[in-house]
Peer 1: 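Before I ask anything, here is the structure I am working with.
Numbers restart at 1 for each chain; the letters A, B, ... are given by sequence-line order, proteins then strands.
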Protein chains: 2
Amino acid sequence: MAAQKTKVTIFDVAKASGVSSSAVSYALNGKPGVSEATRAKVLQVARELGWKPNGAAQSLAQSKTRRIGLILGYDPQLLAVEPYMMSLISGLGAELEEKDYSLLVRMSMDSDDEDSIIEDWIATSNVDAMLLLNLEIGDPRIEMMKENPQMPVLAVADASLTAGLPTLASDDAAAVGLAVRHLYDLGHRSIARVAGPEELGHSYIRDAAFSEVTAELGVRYRCLHTDYTPAAGADATKRLLSVNPSPTAIIYDNDVMALAGEGIAAMNGVRVPEDLSIMSWDDSFMCEAAHPGITALNRDIVESGRIAASLMLKLIDGEEVGVVEEPPYVLRVRESTGPAPQR
Amino acid sequence: MAAQKTKVTIFDVAKASGVSSSAVSYALNGKPGVSEATRAKVLQVARELGWKPNGAAQSLAQSKTRRIGLILGYDPQLLAVEPYMMSLISGLGAELEEKDYSLLVRMSMDSDDEDSIIEDWIATSNVDAMLLLNLEIGDPRIEMMKENPQMPVLAVADASLTAGLPTLASDDAAAVGLAVRHLYDLGHRSIARVAGPEELGHSYIRDAAFSEVTAELGVRYRCLHTDYTPAAGADATKRLLSVNPSPTAIIYDNDVMALAGEGIAAMNGVRVPEDLSIMSWDDSFMCEAAHPGITALNRDIVESGRIAASLMLKLIDGEEVGVVEEPPYVLRVRESTGPAPQR
DNA sequence: TTGTATGCGTTATCAA
DNA sequence: TTGATAACGCATACAA
């Protein structure tokens with residue numbers, strides 16, 4: 001009953017229970033082909049010997065790894081400061097754990113790296129399915145995956161980017177509507193946005209939606225692109241506040257930048273929300289901890305991770321998966337947004 | 001040269017190059033036993049056929065998975081708000097990638113879960129080595145690993161907790177010295193600490209060091225334990241500020257709580273740093289983005305991850321690893337700490 | 001230098 | 001209901 005030092009195989013179990021290895025295999029896998037008596041006996045002996053299936057042997061025999069592949073882009077600062085990836089991993093991990101799957105993680109330094117990891121996984125069968133994140137417009141990885149339909153893949157991206165691949169889609173456009181409408185209702189007619197890097201697919205989607213929605217409502221709109229760092233957020237804020245008339249509200253693409261912007265406003269004697277309203281895209285403890293608390297677009301990323309995991313398991317089982325919507329964004333109104341100042 | 005739909009094995013390569021499978025194996029693995037001519041030929045053919053080794057077969061044959069195991073405790077909020085884990089993963093991933101290893105991640109809901117994951121990994125040989133994090137005092141996992149010396153393991157913890165296991169050790173006591181000394185030099189003689197959960201091993205270590213250092217210096221010291229959330233940090237701050245005389249400086253165990261504390265101070269008309277100095281343990285963009293910027297104990301967690309990975313690879317190679325020190329903490333002085341107020 | 005044969009630990013097929 | 005036996009794909013000891 002104690003942990004065994006030496007590997008114990010089904011042959012050991014077979015010998016100890018006086019049956020053949022195939023009988024053991026059937027018994028342990030709950031398959032028909034053995035009497036209840038032997039099954040019970042085998043299970044008993046297996047437990048006593050502390051038998052567990054060898055992962056590699058199992059994988060080889062059934063061409064299944066029980067692993068899901070996830071590639072992280074190497075940007076420690078961004079990964080650390082954006083709650084997104086860790087939240088997603090939490091959801092993925094929690095769901096996979098229930099189904100006895102693991103997450104296989106690799107890190108890519110650039111997009112070529114990522115391509116070769118994908119090729120590697122396809123060729124070596126080291127994962128049963130993989131997740132595709134951070135798609136860009138016309139991303140070449142889409143083609144790669146379409147050429148290798150034997151490898152299930154789930155894209156997490158706006159459906160317009162995934163060319164028919166199984167997709168967990170977020171409705172960023174709807175979120176843009178929520179945010180702009182909130183400010184519009186408060187009387188704001190000149191809104192600025194401090195966005196992330198222009199080349200990211202989701203930046204593009206949001207850009208388009210912002211332009212459209214503000215145009216519809218007759219709201220002045222201006223957008224500055226940054227690298228997501230607080231320094232860049234602070235700098236963009238300074239620039240926006242220096243023009244005349246300056247916007248009455250700023251929406252930041254992440255919470256560190258919103259926090260940095262709030263700081264710049266305070267330093268310049270600009271009161272939040274009396275003189276300037278501030279919003280953040282993607283909510284976290286940071287928005288709650290800030291003072292004043294930052295109104296933010298909140299979404300359940302952990303739940304997205306769970307859904308993504310379950311969709312990949314479906315794909316592995318050969319089920320069809322089309323475009324599934326993520327849990328929607330919800331507006332968390334805090335103290336950083338208020339009525340537009342009269343000018 | 002295009003990607004192959006069907007699995008191509010070394011036998012296919014052997015047939016196509018007119019040699020035996022063993023010659024192919026030798027050639028592809030750069031081992032002696034084949035002429036340069038055949039080696040070149042085989043490599044050429046393998047490339048043409050798009051051959052890559054099957055992971056499971058390779059693992060089975062050489063009892064090596066090229067995977068390192070990492071168990072995450074399921075606490076999405078904590079994981080998301082603490083840059084620690086994601087930074088560590090970044091470092092691990094970057095280093096492992098260079099050595100062609102992957103990270104196998106599983107999520108545990110509680111400590112029993114974690115034990116059974118460890119048992120599973122030991123029995124199924126699904127990883128070549130594993131990382132042990134968040135050790136508690138007298139943690140039972142230490143015994144488990146000692147009973148199974150065939151599974152290399154690296155503990156990341158204070159060396160006093162790891163009972164001689166290979167350890168990547170942080171010098172939290174030294175960091176406590178840095179922090180307290182900084183405040184002491186600024187004239188502070190009454191310092192409070194808003195700590196994390198009492199049951200965490202590193203909380204315990206820090207508790208002891210704080211008590212010792214402050215006693216030595218003759219500094220008043222008070223400690224409140226929380227659950228790491230901004231709400232708890234805010235609450236603790238309120239309590240600390242309500243006593244008379246209140247501490248002139250507060251050190252928070254993470255940055256969200258420091259941020260929340262800064263907010264409470266602002267709301268109560270307590271000026272930072274004129275009336276109250278604030279420090280954070282563990283630095284992140286948040287401390288930089290805050291206003292005023294928060295003085296923090298900074299350490300290179302990504303580098304720790306790299307070191308941890310390389311130590312595990314050494315262990316896998318059978319090398320001895322004792323206690324290795326992490327990169328030291330460095331004090332990042334920002335605007336939130338200043339001379340103690342005169343009273 | 002080359003090819004044959006066997007082991008790695010399962011699963012699955014096919015007679016008995 | 002059983003028990004040999006053949007995959008699975010690669011590595012390698014051994015024979016040629």
Side-chain angles (χ1 to χ4, degrees), chain A residues 4 6-43 45-46 49-67 100 120-126 128 150, chain B residues 4 6-43 45-46 49-66 100 120-128 150:
Chain A
Q4 295 298 116
T6 71
K7 302 265 168 223
V8 24
T9 75
I10 51 170
F11 288 94
D12 300 322
V13 177
K15 192 175 300 176
S17 16
V19 295
S20 76
S21 69
S22 49
V24 172
S25 180
Y26 287 138
L28 292 169
N29 293 325
K31 297 205 172 175
V34 283
S35 66
E36 274 315 308
T38 35
R39 182 187 304 275
K41 169 104 190 177
V42 166
L43 288 176
V45 170
L49 294 180
W51 176 88
K52 288 227 187 184
N54 175 284
Q58 223 170 17
S59 294
L60 183 58
Q62 31 183 42
S63 301
K64 289 289 169 205
T65 63
R66 302 196 81 81
R67 266 172 261 137
D100 203 28
D120 183 68
W121 276 345
I122 291 175
T124 62
S125 302
N126 261 323
D128 291 343
Q150 77 280 14
Chain B
Q4 295 298 116
T6 71
K7 301 264 170 228
V8 24
T9 75
I10 51 170
F11 288 93
D12 299 322
V13 177
K15 193 175 299 175
S17 5
V19 295
S20 75
S21 69
S22 54
V24 171
S25 180
Y26 289 138
L28 292 168
N29 292 324
K31 297 206 171 174
V34 283
S35 67
E36 274 315 307
T38 35
R39 184 187 303 276
K41 169 102 190 178
V42 166
L43 289 176
V45 171
L49 294 181
W51 175 87
K52 287 229 187 184
N54 175 283
Q58 225 169 16
S59 294
L60 183 58
Q62 33 185 41
S63 301
K64 288 290 170 204
T65 62
R66 303 195 81 80
D100 203 29
D120 183 67
W121 275 346
I122 290 174
T124 62
S125 301
N126 261 323
V127 296
D128 291 343
Q150 78 279 14

Peer 1: Nearest whole Å is fine: how far is C/dT6 P from B/Gln62 CD?
Peer 2: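 Value for this atom pair: 21 Å.
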Peer 1: B/Lys15 NZ to D/dG9 P: how many Å, rounded?
Peer 2: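 For the pair B/Lys15 NZ and D/dG9 P, the rounded distance is 13 Å.
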Peer 1: Can you tell which of A/Leu28, A/Val45, A/Asp12 makes a side chain to side chain contact (heavy atoms under 4.5 Å, CB included) with A/Trp51?
Peer 2: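 With A/Trp51 as partner, side chain to side chain contact (heavy atoms under 4.5 Å, CB included) holds for just one option, A/Leu28.
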Peer 1: Need one value for A/Lys52: base, sugar-phosphate or nothing, where a base atom within 4.0 Å counts as base even if backbone is also close, heavy atoms only.
Peer 2: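 Sugar-phosphate, backbone atoms only, no base.
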Peer 1: Using OP1 and OP2 only, check whether a side-chain N or O of B/Trp51 sits under 4.0 Å from D/dG9.
Peer 2: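 Answer is no, no contact under 4.0 Å.
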Peer 1: Can you pull out how bent the helix from C/dT1-D/dA16 to C/dA16-D/dT1 is, comparing the axes over its first five and last five pairs, to 10°?
Peer 2: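 The end axes of the helix from C/dT1-D/dA16 to C/dA16-D/dT1 are about 50° apart, to the nearest 10°.
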Peer 1: Just to confirm, is there a sub-4.0 Å distance from OP1 or OP2 of D/dT1 to any side-chain nitrogen or oxygen of A/Ser35?
Peer 2: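 Looking at the OP1 and OP2 atoms of D/dT1, neither is under 4.0 Å from any side-chain N or O of A/Ser35.
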Peer 1: Do you know the tightest heavy-atom contact between A/Arg39 and A/Ala27?
Peer 2: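 Nearest heavy atoms, A/Arg39 then A/Ala27: NH1-O, 3.3 Å.
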Peer 1: Find which nucleotide of DNA chain C each of B/Ala61 and B/Ser21 is nearest to by heavy atoms, and output the residue with the more 5' nucleotide.
Peer 2: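 Its nearest nucleotide being more 5', the pick is B/Ser21.
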Peer 1: I need the CG-P distance between B/Asn54 and C/dC8, as an integer number of Å.
Peer 2: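 In whole Å, C/dC8 P and B/Asn54 CG are 19 Å from each other.
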Peer 1: What nucleotide, of D/dG9, C/dT10, D/dA11, holds the atom closest to the side chain of B/Leu60?
Peer 2: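 Minimum distance to the B/Leu60 side chain belongs to D/dG9.
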Peer 1: Please find the pair of heavy atoms, one from B/Pro53 and one from A/Thr124, that lie closest to each other, and give the distance.
Peer 2: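 That would be O-CG2, 3.2 Å.
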Peer 1: Name the closest nucleotide to the B/Ser22 side chain, picking from C/dT2, D/dG3, D/dA13.
Peer 2: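 Output: D/dA13.
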Peer 1: Tell me: NZ of B/Lys31 to C1' of C/dT1, nearest whole Å?
Peer 2: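 That distance rounds to 17 Å.
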Peer 1: 5'-most contact on DNA chain C: B/Ser63 or B/Val19, nearest heavy atom basis?
Peer 2: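 Of the two residues, B/Val19 wins.
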Peer 1: Look at the side-chain N and O atoms of B/Gln58 and state whether any lies under 4.0 Å from the OP1 or OP2 oxygen of D/dA11.
Peer 2: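 Answer is yes, contact under 4.0 Å.
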Peer 1: Counting distance alone, no hydrogens or angles: does the base of C/dT10 have a donor or acceptor under 3.5 Å from a partner atom on the side chain of A/Tyr26?
Peer 2: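 Not at all, since no donor on one side and acceptor on the other fall under 3.5 Å apart.
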Peer 1: Base, sugar-phosphate, or nothing for A/Thr38, non-hydrogen atoms under 4.0 angstrom?
Peer 2: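 If one applies the 4.0 Å heavy-atom cut-off, A/Thr38 turns out to touch the sugar-phosphate alone, with no base involved.
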Peer 1: Which whole-number value in Å describes the distance from A/Lys64 NZ to C/dA12 P?
Peer 2: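 It works out to 12 Å between those atoms.
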Peer 1: Is there a side-chain contact between A/Thr9 and the phosphate of C/dG9, meaning an N or O under 4.0 Å from OP1 or OP2?
Peer 2: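 No, A/Thr9 has no side-chain N/O under 4.0 Å of OP1/OP2 on C/dG9.
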